[in-house]
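Worksheet: one structure, shown below.
Start at 1 and go down the list; that is how both ligands and their atoms are numbered. Since the structure is predicted, the reported quantities are computational estimates derived from the model, not experimental observations.
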Amino acid sequence: MLSRAFGTGLAAIAALAASPVVANPADNHRTIAATPPMGWNPFNAFRLNYDESTVMAAAEALVQLGLKDDGYRYVNIDDGWWLRRDAGGITIRTNLYPSARLPDGTTSLKPFVDRLHAMGLKAGIYTDIGYNICSQRWEKATANLPEGNRGQREVGSLGHQLEDARAFSAWGFDLVKVDACGIADFGADLPEVMDGTYRPLGPIMLRERPGASDIARVEKLYADFAAALRKARPANPLLLSICAWGDADVNNWAGSYGQMSRTSSDINASWGAMLHNFDSAAVRPLFAGPGHWNDPDMLEVGNGDFDGNHLTEARAHMSLWAMIAAPLVLGFDLTRASPDILAVVRNRDVIAIDQDPAGNQGVIIAQQGDGQIIAKALATRGHKALAFVNRGDGRLHLSVPLADLNLSAQGVHLRDLWHGRQGTLRDGVVSVDLAPRETALLRIEARPIEAKVSVPADMPARIHVTEAGYLPPDRITRNQWVPARIGFLPSGTPITFAGRQETASIGVGAGAHLMVDLRGEFRRLSLAPEHVATDAYVIKVDGKAVPHGPLRNEALDLDLKGARQLELIAPAAKGEGASFIWHNLRFERQ
Ligand code: GLA
């Protein structure tokens with residue numbers, strides 16, 4: 001037992017104030033996207049077959065249908081807006097964006113952005129981190145590819161980052177999505193590179209193969225782009241939406257540069273693709289929070305498997321995105337929105353779960369077969385969203401004791417956010433009967449059993465992975481190794497105790513660094529690392545190491561009074577295996 005590890009006297013406090021603390025990844029840009037961005041993007045509905053009138057019709061629909069007031073504010077254009085790049089800058093494709101043609105013969109998207117702003121909306125633009133862009137590789141049939149000689153067709157931002165950041169800022173944009181095809185898809189053996197159509201580059205980033213990618217270089221490119229955005233408009237930089245599909249370990253570092261970052265390949269309007277993209281983000285609650293959100297891609301609600309004939313699937317998709325605090329970017333044709341689909345995306349109770357100000361991503365607290373239970377701690381203590389997910393095609397019964405959520409069964413207020421009829425509470429156990437592919441989304445308001453105690457699942461937005469530590473060299477993106485997870489080892493094996501999955505434990509890779517943003521709000525932490533006999537665990541409070549012997553089965557008790565941050569550093573991988581567990585972390589509030 002170890003307590004009052006760093007003393008409480010004045011001298012100790014002065015020493016602590018001077019000690020180094022770890023930078024919070026979200027600090028630089030927390031205010032740009034305090035809650036997950038919401039809006040509309042044409043790509044899922046139209047691919048590249050849209051123009052300014054399509055976008056303005058969507059913008060008008062956002063306003064008229066009330067979606068703007070629900071929070072859907074960003075109207076983003078995607079690939080296909082460039083004509084060419086010259087020494088003087090970019091020329092916009094005015095056959096698609098007629099308002100971009102200025103009287104002096106130059107082009108600008110400012111008139112377009114001004115119209116959106118006048119409607120109370122925000123505007124987003126799109127570019128690529130390499131020389132060339134996704135459509136040049138993947139949408140060859142479109143009429144909207146850049147034109148001119150090889151250099152003029154290099155409309156991506158590489159080599160022009162500050163210039164483009166300045167242009168987008170001057171035009172008034174609020175967001176930029178920065179894609180990565182240019183550094184992934186234009187290697188020397190591509191036929192169009194061999195015949196001189198495009199300049200060879202890398203590939204620097206290999207799809208699905210982080211171990212073979214030049215990760216440091218990819219990270220530097222996005223870091224430079226973020227810096228260019230801040231330089232171009234310091235008081236109000238554009239929101240940076242990183243679109244590198246979970247490749248090059250982007251999921252581990254994106255939070256330092258972008259406000260949202262794609263965790264996987266492109267979604268499509270099929271049930272399987274939706275689940276695949278959901279999974280890529282759902283395993284990473286410790287990598288998201290205010291100012292840095294995991295992005296499983298734009299919504300397919302309204303399309304394909306999620307259209308008006310598949311409302312169960314549409315509600316499930318919307319529920320899952322809300323539970324993991326994903327950006328809600330609509331991707332269907334708003335001018336043909338059915339009342340049923342509008343009711344799905346306009347459900348204010350569900351939107352409120354997504355937009356909850358605490359910014360906690362939901363945590364998977366149980367999974368078996370086709371069933372998953374996800375809990376999301378909301379800003380008010382004792383308030384939680386609970387999703388019961390049926391991923392399969394048969395009926396399913398799922399249940400969870402409220403005690404697993406540290407909630408008392410007395411005086412519980414339980415509400416089903418879709419139909420008002422899901423969720424039975426009996427003997428302190430909440431249970432649901434789910435139709436095939438149904439997700440039940442409940443909001444629970446109750447009293448915590450231990451009034452002052454929070455476990456990691458109650459506060460993932462405060463916990464940051466500042467160093468990923470060990471990564472298996474043969475990892476592939478699809479079968480992720482997550483450097484830190486609540487209730488699971490990095491490999492995905494659940495951490496269980498007495499048959500129940502732990503919500504108070506964090507599985508980490510060897511050498512992983514966690515930083516907990518305490519903000520002086522806690523007085524005490526206890527942790528009980530079981531089955532561990534190493535003193536190589538490093539625990540720091542406000543930058544100062546807490547001395548301790550080998551951590552065995554007894555609980556370690558730390559004084560956190562007034563502390564701003566806690567660091568938990570796992571032992572390096574030396575014959576002890578690749579992963580460790582910070583067991584039973586219990587934070588007691590002031
Ligand atoms: C990539 C992105 C998509 C979309 C297309 C446009 O595939 O991941 O979201 O922007 O490019 O070509």
Side-chain angles (χ1 to χ4, degrees), residues 37 39-51 54-55 58 74-83 93 96 123-146 153-158 164 168 173 175-186 190 192 198 203 205-208 218 221-222 225 239-248 250-251 254 258-270 273-274 276-278 280-281 293-301 303-304 321 326-332 477-478:
W40 179 85
N41 176 301
F43 186 72
N44 284 355
F46 301 102
R47 310 291 293 189
L48 264 67
N49 305 313
Y50 67 94
D51 61 14
T54 324
V55 181
Y74 285 95
V75 174
N76 302 336
I77 59 171
D78 208 270
D79 204 336
W81 60 270
W82 310 263
L83 185 64
R93 190 173 260 291
L96 296 186
I125 193 165
Y126 171 91
T127 187
D128 198 287
I129 200 77
Y131 299 123
N132 291 103
I133 57 172
C134 291
S135 52
Q136 288 170 321
R137 178 72 174 84
W138 301 109
E139 304 278 344
K140 290 177 198 162
T142 177
N144 302 330
L145 292 181
R153 283 184 277 103
E154 290 183 347
V155 295
S157 288
L158 187 53
D164 286 359
F168 303 160
F173 279 101
L175 172 153
V176 59
K177 170 176 168 184
V178 184
D179 223 319
C181 295
I183 57 171
D185 301 330
F186 294 87
L190 184 75
E192 291 93 327
Y198 300 120
M205 183 166 97
L206 283 94
R207 288 179 186 259
E208 295 285 339
V218 179
L221 287 172
Y222 278 99
F225 202 95
L239 186 161
L240 172 58
S241 164
I242 297 177
C243 184
W245 325 293
D247 288 319
V250 62
N251 294 338
Q259 286 74 39
M260 55 193 272
S261 174
R262 285 273 302 276
T263 50
S264 54
S265 50
D266 287 4
I267 196 168
N268 62 56
S270 72
M274 186 279 288
H276 169 86
N277 280 32
F278 169 71
S280 70
W293 307 103
N294 286 320
D295 177 12
D297 206 358
M298 303 169 284
L299 291 161
E300 289 284 13
V301 175
N303 303 328
W321 262 232
L328 299 178
V329 182
L330 303 171
F332 67 102
T477 308
R478 223 187 323 243

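- In terms of protein heavy-atom proximity, atom 8 (O) of ligand 1 is closest to Asp266 OD1, 2.5 Å.
- Under the 3.5 Å distance criterion, the side-chain polar atoms of Asp78 are left unmatched by any main-chain donor or acceptor of Phe43.
- Looking at Gln136, Lys140, Arg137 one by one, the single match for side chain to side chain donor-acceptor pair (under 3.5 Å) with Glu192 turns out to be Lys140.
- Using modelled atom types and a 3.5 Å distance limit, the side chains of Asn277 and Ser264 yield a donor-acceptor pair.
- Residue contact check: Cys134 has heavy atoms under 4.0 Å from atoms 1 (C), 11 (O), 12 (O) of ligand 1.
- Proximity to Arg262 (heavy-atom distance under 4.0 Å) selects the following atoms of ligand 1: 8 (O), 9 (O).
- Nearest protein heavy-atom contact of atom 9 (O) of ligand 1 is Lys177 NZ, 2.8 Å.
- Here the shortest heavy-atom pairing between Trp82 and Arg93 reads O-NE, 3.6 Å.
- The residue among Asp295, Leu48, Asp78 with a heavy atom at the shortest distance from atom 10 (O) of ligand 1 is Asp78.
- At least one heavy atom of Trp245 sits closer than 4.0 Å to an atom of ligand 1.
- Between atom 2 (C) of ligand 1 and the options Val329, Thr142, Asp179, the minimum heavy-atom separation is to Asp179.
- Listed here is the closest heavy atom pair of Lys177 and Cys243: CE-SG, 3.8 Å.
- The side chain of Tyr126, and not its backbone, has at least one atom closer than 4.0 Å to an atom of ligand 1 (non-hydrogen atoms only; side chain from C-beta on).
- At a heavy-atom cutoff of 4.0 Å, ligand 1 is contacted by the side chain of Cys243 but not by its backbone.
- Between Asp79 and Ile133, the shortest heavy-atom distance links the atoms OD1-CD1, 3.5 Å.
- Nearest protein heavy-atom neighbour of atom 12 (O) of ligand 1: Asp79 OD2, 2.8 Å.
- Across every non-hydrogen atom of Leu240 and Phe225, the tightest pair is CD1-CD2, 4.2 Å.
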